[in-house]
There are 2 protein chains.
Amino acid sequence: MSLSVNSYFDDKVKSIAFESANGPVTSGVMLPGEYVFDTTKDEVMKVVEGELIVKLPGAAEYVSFKTGTEFNVAANQSFDVKVTSTTAYLCFYS
Amino acid sequence: MSLSVNSYFDDKVKSIAFESANGPVTSGVMLPGEYVFDTTKDEVMKVVEGELIVKLPGAAEYVSFKTGTEFNVAANQSFDVKVTSTTAYLCFYS
């Protein structure tokens, strides 16, 4: 068992992947910016510190998710994220 | 602004340091093991996924902190942590 670190978007997003008691998780941090993420599995994204402003697949509008809130994205979708203050998240895969 | 990744205890603990809206934070993950951490600042440790079993400075017994709970450690102290299932945490410095 080991902890792998991944970087995305010119190192503006970094995450640590691990196996939790509840399955695979990544614990990550996003610097301010705008990002498009593609899912390969069903994901639950939980904001643990800060705010993610998210346009979910098929949505017309951005919605704010702050510390302690979460959202779901199905597999094989993409979603848009705006970050204005550096934010930590957990992503649970299933 | 950038995200720095640090590793401790033979890579069994890794963390990403960043500046949140609430000040400096590290977002980290601990593999199962036993660790002793030394503080240089006042810290609030928040368990965001999993469980930290902690013996606080001066305490005689270990206490369990699970997802959503937190504990404080003053500067220039050390505390003992046991991890039985890989756990993600946030550490806030002040």
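Only a predicted model underlies this, so the values are computations on that prediction, with no experimental measurement involved. In the text below, chain A, chain B and the rest are named by the order of the sequence lines, each starting its count at 1.
Interface remark: L3(A) contributes backbone and side-chain atoms alike to the contact with chain B (heavy atom separation under 4.5 Å). If you measure heavy-atom distances from S7(A) to chain B, you find no contacts under 4.5 Å at all. Interface remark: S85(A) contributes side-chain atoms only to the contact with chain B (heavy atom separation under 4.5 Å).
In summary, of the residues considered (F65(B), F37(B), Y35(B)), a ring-ring contact (aromatic ring centres under 6.0 Å, His included) with F79(B) occurs for F37(B) alone. The residue from L56(A), I53(A), L52(A) that alone fulfils the side chain to side chain contact (heavy atoms under 4.5 Å, CB included) condition with Y62(A) is I53(A).
Considering all non-hydrogen atoms of both residues, T86(B) and E19(A) come closest at CB-O, 3.4 Å.
Residues Y93(B) and T39(B) have side chains that never bring a donor and an acceptor to within less than 3.5 angstrom of each other.
Highest contact tally toward chain B, considering only E51(A), K12(A), E49(A), is held by E49(A) [criterion: heavy-atom pairs under 4.5 Å]. Ranked by heavy-atom pairs under 4.5 Å with chain B, the first of P32(A), G68(A), S20(A) is S20(A). The candidate from V29(A), T87(A), L90(A) with the greatest count of non-hydrogen atom pairs under 4.5 Å with chain B is V29(A).
Within the 4.5 Å cutoff, the side chain of S27(B) has no heavy atoms near those of the Y89(A) side chain.
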